[in-house]
Each structure stands twice: as structure tokens, then as C-alpha cells.
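Here the structure is a predicted model, which is why all the values come from computation and not from measurement.
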Amino acid sequence: MCRPLLPAGWRALPREAALDGGALQAVGAPPPDWVIHLEVKQHVDAPTAADIADFEKINVRSTQRWLEWCVQAGVPRFMLFSTIKAVGESLQPQDDDSASPPSTPYGKTKRRGEESLQYWTQGDTHRQGVILRPAVVYGPGNRA
């Protein structure tokens, strides 16, 4: 497994760690100041039932698992990299308060991950959550 190049003091755990409570304990002490959540089951043109199950497992349940771990470890800040697909398409400009519902299984699960983070921040006034919905930059050969 290729280890990511991280700044000094940063730690990384693989996707599987979010679903395995024992593996999360391996992070060690002291707990981090932030969890930056980058994992994703990405958009698929014609999702199968297995893709939809993976969207649920990775985009919703593992996000919730990381948030549970943050509660247990006392981590006060969580940054979620989401997607512009977490809101529906519109001919009108939209902002962060857009209520436009997502239209794809991928977007729906990313939106539910966002809602999990919002609920988590409401559970304690010391918690801070950040949701980023970056526009996608595609490389050669990427059809998404």
C-alpha cells in the first residue's frame, strides 16, 4: 500500500478503518484537532444495485462512523469533502442554502453524509463542521 505524503504531524487511515471500530483506535493519542474526510464512492453513469449499496456504505455509513469516532476521541472539528451533486441541477444560480434536492443516488448519499455532519455539529456547541462542495476537475480519459 502506498503511504500518502502528509505534512508533519498528520495521520492517514484507509477507508476500511471507518467501518472497523478497532482500527480507528489505532490512531493513538492525542486525538487530532481535525478529521478531514476525503473518502468517496464516486458518481457512476448507470449505477447498479451494488454501486448504490456502496454509495450508502461509503458516503453515508462511513461518514457517520468517523463522526462517532470523533465523539469518542474528543475531536472537535470535522471537514467533509462533498460534491456539487449534493444539490439538484438548476438553471438558476444556487448557494449553500439551496434546498434543491439531489437527483442521483450518488448525490443523495453525499447529501445524507452532509446532513450527518450538520446533526453532529448541533449535538455540541464546541463542535465545528465544514462542508466543501468543490467543482470537479477531470483529467484525460475521465468520463464521469
The reported gap from NZ in Lys108 to CZ in Arg112 (rounded to nearest 0.5 angstrom) is 10.5 Å
Just wondering, are more than 12 heavy atoms of other shown residues or ligands nearer than 6.0 Å to CD in Glu115?
-> yes
Applying side chain to side chain donor-acceptor pair (under 3.5 Å), run through Ser62 and Glu39 and close with a yes or a no.
-> CA-CA 9 Å; Ser62 68; Glu39 70 180 330; 2.8 Å; yes
To the nearest 0.5 Å, tell me how far Gln128 CD sits from Met79 CE.
-> 10.5 Å
Measure the spacing between CG of Leu80 and CG of Leu38 and express it to the nearest 0.5 Å.
-> 9.0 Å
Just wondering, do Asn59 and Tyr106 contact through their side chains at under 4.5 Å, heavy atoms?
-> yes
Where do Ser82 and Ile131 come nearest, in terms of heavy atoms and distance?
-> CB-CG2, 4.0 Å
Enter the distance from Arg65:CZ to Lys57:NZ here, rounded to the nearest 0.5 Å.
-> 14.0 Å
Atom CG of Leu132 and atom CD1 of Ile84: how far apart are they, to the nearest 0.5 Å?
-> 13.5 Å
Are any of the side-chain nitrogens in Lys41 or Glu56 under 4.0 Å away from the carboxylate oxygens of its partner?
-> no
Please check if the distance between the ring centroids of Phe81 and His37 is under 6.0 Å.
-> no
Result of checking Gln64, Glu68, Arg61 against Ser116 for side-chain hydrogen bond (donor to acceptor under 3.5 Å, both in side chains) = Gln64
When you look at Lys110 and Arg133, which way does the side-chain contact (heavy atoms from CB on, under 4.5 Å) test go after all the steps?
-> CA-CA 10 Å; Lys110 290 301 284 183; Arg133 292 180 181 158; over 6 Å; no
Between the NZ atom in Lys85 and the OG1 atom in Thr109, the distance rounded to the nearest 0.5 Å is 12.5 Å
Stepwise side-chain contact (heavy atoms from CB on, under 4.5 Å) check, Val60 with Phe55 | CA-CA 7 Å; Val60 180; Phe55 291 147; over 6 Å; no
Scanning both residues in full, the closest heavy-atom pair of Trp66 with Phe78 reads CB-CE1, 3.8 Å
Donor-acceptor under 3.5 Å (Thr83 side chain, Ala86 main chain) = no
Donor-acceptor pair, side chain of Asp51 and main chain of Thr48, under 3.5 angstrom | yes
Which pair of non-hydrogen atoms, one from Arg111 and one from Ser100, has the smallest distance, and what is that distance?
-> NH1-O, 3.4 Å
Specify the closest pair of heavy atoms between Leu67 and Trp120, including all atoms of both residues, with the distance to one decimal.
-> O-NE1, 3.3 Å
Closest contact, heavy atoms only, Leu117 versus Gly129 | CD1-CA, 4.0 Å
Determine the minimum heavy-atom distance between Val35 and Cys70, stating which atoms define it.
-> CG2-SG, 3.5 Å
